[in-house]
Amino acid sequence: MKKLKFFLTFISFFLCVPCFATIKNGDADSIKNLLGNIPDYQKNPDTAVINKLNKLAEEYFRTNPDSSYYYGNKSIELSKKIHYPAGVAGGLLQTGHVSYLQGRSSEAKQDLAEAIAIYKRLHDYKGLSTSYISYARMYNLLANYPLALSYLNLAEAINKKINDEHGLTDTYKNMGIVYYSQGQISSALDYYYKALFIAVKNHYTGLSSDIYNDIGVVLQSMEVYPNALAYFDKALITSETTDIQGVGTINENIGEILLAQGKYDQAISHLKKALAIAKKQDDKDGLGSVYTDLGLCYAHKNQYKLAISYLDTSVQVATDFKFVYNQAYALIGLATVYNMQKNYVNAYKYAVQGQISAVKLGNLSVRANAALQLNKTLAGLGQYDKAYAMLNEYLDLKTELKNNESIQKLTSYNFELDFAAKARQLAQQQQERDLLYQQKIRAQRLINSIFFIVLLAMVVTSVVYYKQKRKQQAINLMLEEKNHEVLSQKASINEQAEKLNELNILKDRLISILAHDLRAPLSTLRGLFALLQDDSITHQQLVAMIPTVLKRLEYTSDFLDTLLSWINSQMENFDSSVKNFSVKEIVSREIESYHEQAALKGIELMSNISADLQASADPNSIRIVIRNLITNAIKFSGDNDTIEIFAENGNDHDIVIKVKDSGLGIAPEQLTKLFKSKVDSGTGTKNESGTGMGLLFCKDLVEKCNGRIWVTSQQGSGSEFTFTVPANQVLEVA
């Protein structure tokens with residue numbers, strides 16, 4: 001019986017080679033084409049080209065190991081040329097892989113040792129892990145199990161550290177292989193199922209195929225052939241279509257089961273498929289084991305000469321390349337054939353050699369077969385005591401195998417139960433899908449002929465409609481763009497018109513303010529100069545009037561400064577000059593300025609404001625508001641009327657300022673228009689005229705200072721104008 005094929009696991013191993021990503025099956029030609037598009041890649045190599053070469057070497061390993069070896073060496077050569085150590089290590093892994101497969105163990109060890117040294121310098125843990133796994137496989141074939149397990153333990157620690165589940169799955173699988181080779185079947189199955197659980201969870205199809213095959217080999221060694229065949233079938237189903245080596249291994253394992261069941265012709269058919277693949281791959285390990293299987297098949301068909309020829313070739317290959325398992329397997333095979341011919345002398349020679357190799361190997365199944373053949377040989381030679389001893393050894397080994405089988409059942413019961421349940425569920429779902437699919441197919445066949453022409457017409461109509469739709473969409477898109485352009489232009493025009501309108505309003509406001517607030521001072525100055533011109537006053541009277549004139553000039557200058565400040569406030573870039581100021585001081589100054597004008601009309605102008613009230617706003621704007629409200633009150637008040645200005649703290653951190661008069665009051669229809677737009681200003685008690693814009697200006701300035709303004713009035717009883725300004729917030733220091 002063939003040992004578990006270790007080279008099958010190399011396929012999944014190279015899926016995680018560092019420095020490049022995994023590629024899909026069948027990509028070798030596309031990668032080669034990429035390299036072909038770079039004619040000077042050998043003259044001017046770079047890391048990208050070298051990574052492609054390593055990918056190409058990996059992909060070709062599955063179908064053509066010689067090409068894989070060539071591209072691996074080319075990668076090493078170019079990497080050394082540009083001093084790219086990661087590329088050198090990747091190429092060494094590829095060449096070491098092929099060398100090991102083809103029996104050149106010394107060369108493989110040298111390549112892998114150099115790769116490990118590079119990966120250590122680069123701190124490339126993934127590459128280091130794959131190198132350790134490769135070493136472990138080699139030492140397992142050489143029956144150095146402790147060393148193989150030590151490398152696998154290193155790989156396990158690394159894969160756990162870097163959280164690489166693919167690498168960990170490969171590590172567990174190979175631990176199972178080593179334990180199986182030592183005859184520790186229970187431990188082997190523990191690791192196989194650990195690996196299988198991770199592989200199935202993450203959909204690692206290649207590794208899943210390997211593990212199914214490995215478990216099948218264990219069941220095969222325990223002669224549980226139906227279950228072994230079931231696992232080999234799972235391995236074939238999950239194997240990748242381009243995994244030529246995997247297919248060859250599974251065919252060989254199936255052939256061995258058919259050989260054990262006595263179905264020699266069917267076994268030979270599978271074994272010849274495996275042999276063709278092994279020859280194509282130059283797989284020395286595979287060739288040796290297949291030759292032994294074919295030799296045993298032909299021996300059972302009584303074709304002894306052909307059988308011995310195959311077995312001699314197998315012994316020679318195993319000896320040349322130091323494959324301990326194949327050597328033991330082939331020697332026991334020769335002893336079996338000579339025992340069948342009753343040539344006990346030759347049988348004894350090969351049986352003894354086979355037993356020595358089997359003991360060195362440690363595999364329970366191989367040791368049991370060696371003991372069985374040596375028992376038959378000694379019995380044939382008449383050495384019954386020794387034959388009996390060999391028989392007892394054979395029975396002990398088989399018992400140990402059976403015990404391991406029981407352990408295996410306990411270890412894998414839950415896994416088997418889950419897999420079987422899932423398999424049944426999937427099979428049932430597939431059966432239901434197949435039935436439904438067949439029903440749909442029959443129904444579809446009935447209507448296909450009827451609707452074929454209709455479908456064709458619909459397709460033609462759809463194509464025409466699609467073209468028209470695309471054309472219409474293009475037109476709509478163009479119209480939408482034009483419409484967007486028109487809307488943008490319209491918005492720009494509207495914005496310009498609004499700005500022009502605002503400028504026009506600003507002009508009107510400026511003119512109205514000049515007419516409204518400069519009339520009285522200028523009239524006073526004009527009257528004074530008229531008196532001087534016609535000598536109506538004496539020099540002493542002129543000297544007495546000079547302080548009043550200077551006061552008027554000072555007021556007019558101050559008024560112009562305030563007016564300029566207000567004009568600036570109408571500009572877009574105006575930044576209100578917010579200051580803390582005394583409300584009483586502002587109001588007192590304005591009352592002083594208009595006291596004479598009020599007195600001329602017999603009006604009493606007074607204020608009641610606390611000196612502690614401090615506002616936080618633009619003082620010039622507030623002065624304009626108070627001035628306008630005072631002049632309006634004077635305008636619509638007469639003899640014996642009063643105008644009172646008072647202020648107090650409000651409820652929302654603001655100051656409420658009121659200008660109250662006992663004049664004419666405002667008509668209800670006029671009251672609703674105030675502060676909204678320009679109104680038709682009525683004449684005052686002395687036929688004074690106005691622009692109708694003053695209150696609108698006041699509202700604008702108050703709102704710019706974050707305040708509000710409103711009015712209450714009763715016609716014939718006077719008016720009360722109220723506005724608010726933010727109070728100065730004084731922080732109290734604890």
Evaluation steps, side chain to side chain contact (heavy atoms under 4.5 Å, CB included), between T313 and Q316: CA-CA 5 Å; T313 303; Q316 187 62 45; 5.7 Å; no

Side chain to side chain contact (heavy atoms under 4.5 Å, CB included) evaluation trace for N54 with L56: CA-CA 5 Å; N54 280 329; L56 194 60; over 6 Å; no

Where [X] and [Y] come nearest, the two heavy atoms and their spacing:
X	Y	value
K376	Y344	O-CE2, 4.0 Å
L296	H300	O-ND1, 2.8 Å
N326	S314	O-OG, 4.4 Å
A299	M340	O-CE, 3.4 Å
A235	S209	O-OG, 2.7 Å
L92	A115	CD1-N, 3.8 Å

Check whether any side-chain N or O of [X] sits under 3.5 Å from a backbone N or O of [Y] as a donor-acceptor pair, and report yes or no.
X	Y	value
S75	Y71	no
S357	G354	no
H123	Y119	no
T319	V315	yes
D164	H166	yes
N339	A347	no
N375	A387	yes
S99	A108	no
S208	Y204	yes
S269	D265	no

Residue N302 excluded, over 12 heavy atoms near CG under 6.0 Å: yes

Atom CD of Q110: over 12 foreign heavy atoms under 6.0 Å: no

Below 6.0 angstrom between ring centroids: does that apply to [X] and [Y]?
X	Y	result
Y179	Y191	yes
Y135	Y139	yes
Y350	Y338	yes

Worked check of side chain to side chain donor-acceptor pair (under 3.5 Å) between Y212 and D210: CA-CA 6 Å; Y212 282 133; D210 295 350; over 6 Å; no

Quick check: do [X] and [Y] have side-chain heavy atoms less than 4.5 Å from each other?
X	Y	answer
K349	Q353	yes
N153	M175	yes
E77	N73	no
T292	Y310	no
N343	V345	yes
Y384	L378	no
E165	K201	yes

Nearest 0.5 Å, please: how far is [atom2] in [Y] from [atom1] in [X]?
X	Y	atom1	atom2	result
I211	L196	CD1	CG	5.0 Å
Q94	L53	CD	CG	10.5 Å
Q261	Q266	CD	CD	9.0 Å
I308	L334	CD1	CG	7.0 Å
L381	L374	CG	CG	9.5 Å
Q355	R367	CD	CZ	9.0 Å

Residue of the set N251, I237, N253 for which side-chain contact (heavy atoms from CB on, under 4.5 Å) holds with F232: N253

Test applied, side-chain contact (heavy atoms from CB on, under 4.5 Å); reference residue, Y132; option that passes from I116, L152, L112: I116

Steps toward side chain to side chain donor-acceptor pair (under 3.5 Å) verdict (D170, N174): CA-CA 6 Å; D170 197 21; N174 283 280; 3.1 Å; yes

Pair E58-K55, salt bridge (charged side-chain N to carboxylate O under 4.0 Å, His left out): steps then yes or no: CA-CA 5 Å; E58 174 196 351; K55 290 181 183 179; over 6 Å; no

Pi-cation contact, Y264 with K301 (under 6.0 Å, within 45°): no

Verdict with reasoning, D293 to Y329, per side chain to side chain donor-acceptor pair (under 3.5 Å): CA-CA 9 Å; D293 293 332; Y329 190 31; 2.4 Å; yes

L331 vs Q327, side chain to side chain contact (heavy atoms under 4.5 Å, CB included): CA-CA, chis, key distance, verdict: CA-CA 6 Å; L331 289 170; Q327 186 180 35; 4.0 Å; yes

salt_bridge(K273, E252) N-O dist < 4.0 Å: no

Candidate pair T171 and N159, rule side chain to side chain donor-acceptor pair (under 3.5 Å), full reasoning: CA-CA 9 Å; T171 303; N159 287 316; 3.0 Å; yes

From CA spacing to verdict: side chain to side chain contact (heavy atoms under 4.5 Å, CB included), Y325, S181: CA-CA 9 Å; Y325 180 91; S181 300; over 6 Å; no

